[in-house]
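Note that ligands are numbered from 1 as they come in the structure, with each ligand's atoms numbered from 1 the same way.
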Amino acid sequence: MNNKITIGSDHGGYRLKTEIIKHLKDSGYKISDLGCFSEEPCDYPEIAKAVSKEVLADNGMGILVCGTGIGMSIAANRFEGIRASHCTDTFTARMTRAHNDSNILCLGERVTGLGLALDIVDAWLKTAFEGGRHQKRIDIIDGVV
Ligand code: RB5
């Protein structure tokens, strides 16, 4: 099993990213942290680009955190093959894995409290893609059919 998670945030998501990294390391995941590394202001699209490229290269999973989670999801979804999902509850976190094969989870530090954010991360990581009719729909997004 590939248990590597690529993670990134801007300054607005830095503190939540730090907590998510601790939580995931405690759960046995290997973390690739692509920044930022302080609360100094930085540009979220640069971080989204770096994480998206690594997720695509690994065929892996990533997490992006900003103030709202929205800027990161807009930026990451510009990369073909990235299915970035901004989630604020565990139901959509599970469903976006099961039906959309989401490969990047986006969270907003200024929106979602720490306890819920960690539950969302766990729900997202533990849910498998269902494939079948859902794969066909992803193929349509990707222009394969
Ligand atoms: C930074 O202030 C904030 O704009 C950013 O973290 C994010 O919320 C953008 O969508």
Side-chain angles (χ1 to χ4, degrees), residues 2-131 134-135 137-144:
N2 179 6
N3 69 345
K4 172 185 168 185
I5 307 294
T6 302
I7 192 163
S9 76
D10 72 350
H11 54 291
Y14 175 73
R15 284 176 295 173
L16 177 56
K17 182 190 72 167
T18 304
E19 294 298 328
I20 293 170
I21 290 171
K22 272 191 235 160
H23 176 72
L24 291 178
K25 282 185 173 168
D26 286 349
S27 304
Y29 288 94
K30 288 189 197 122
I31 303 299
S32 172
D33 182 3
L34 301 186
C36 63
F37 299 107
S38 77
E39 291 183 68
E40 281 299 304
C42 65
D43 299 321
Y44 65 82
E46 299 289 0
I47 304 291
K49 184 199 287 186
V51 168
S52 296
K53 288 189 164 184
E54 190 162 294
V55 165
L56 289 169
D58 291 346
N59 193 22
M61 305 282 275
I63 297 175
L64 285 166
V65 191
C66 63
T68 59
I70 295 170
M72 285 295 197
S73 63
I74 290 170
N77 277 315
R78 294 294 178 97
F79 293 88
E80 192 174 341
I82 291 298
R83 294 173 297 280
S85 309
H86 175 225
C87 296
T88 56
D89 63 88
T90 54
F91 177 76
T92 49
R94 286 198 312 276
M95 293 306 287
T96 197
R97 284 288 309 128
H99 288 191
N100 312 128
D101 198 14
S102 169
N103 52 9
I104 292 187
L105 172 67
C106 300
L107 292 164
E109 179 182 306
R110 298 171 186 160
V111 179
T112 305
L114 175 60
L116 177 56
L118 297 181
D119 279 356
I120 290 169
V121 167
D122 288 343
W124 185 77
L125 285 171
K126 285 174 185 160
T127 305
F129 177 48
E130 288 177 8
H134 303 295
Q135 182 60 56
R137 292 161 187 166
I138 287 168
D139 290 343
I140 293 169
I141 293 172
D142 289 340
V144 174

Quick check on side chain to side chain contact (heavy atoms under 4.5 Å, CB included): which of Ile20, Thr92, Thr112 does Ile120 satisfy it with?
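Going through the options one by one, the only one that passes is Thr112.
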
Determine whether more than 12 heavy atoms belonging to other residues, nucleotides or ligands lie under 6.0 Å from atom CG of Asp26.
yes

Taking Asp142 for its side chain and Val144 for its backbone only, find out whether a donor-acceptor pair lies under 3.5 Å.
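Judged by distance alone, no pair lies under 3.5 Å.
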
Taken to the nearest 0.5 Å, the spacing of Asp101 CG from His134 NE2 works out to 11.0 Å

Less than 4.5 Å apart, side chain to side chain, heavy atoms only: is that true for Asp122 and His23?
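Heavy-atom side-chain distance check passes, below 4.5 Å.
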
Are any of the side-chain heavy atoms of Leu107 and Val121 separated by less than 4.5 Å?
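Heavy-atom side-chain distance check passes, below 4.5 Å.
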
Less than 3.5 Å apart, N/O on ligand 1 and N/O on the protein: could you list those pairs with the distances?
from	atom 1	to	atom 2	distance (Å)
ligand 1	2 (O)	Arg110	NH1	3.3
ligand 1	6 (O)	Asp10	OD1	3.4
ligand 1	6 (O)	Asp10	OD2	2.6
ligand 1	6 (O)	Gly67	N	2.8
ligand 1	8 (O)	Gly67	N	3.2
ligand 1	8 (O)	Thr68	N	3.0
ligand 1	8 (O)	Thr68	OG1	3.2
ligand 1	10 (O)	Thr68	OG1	3.4
ligand 1	10 (O)	Gly71	N	3.0

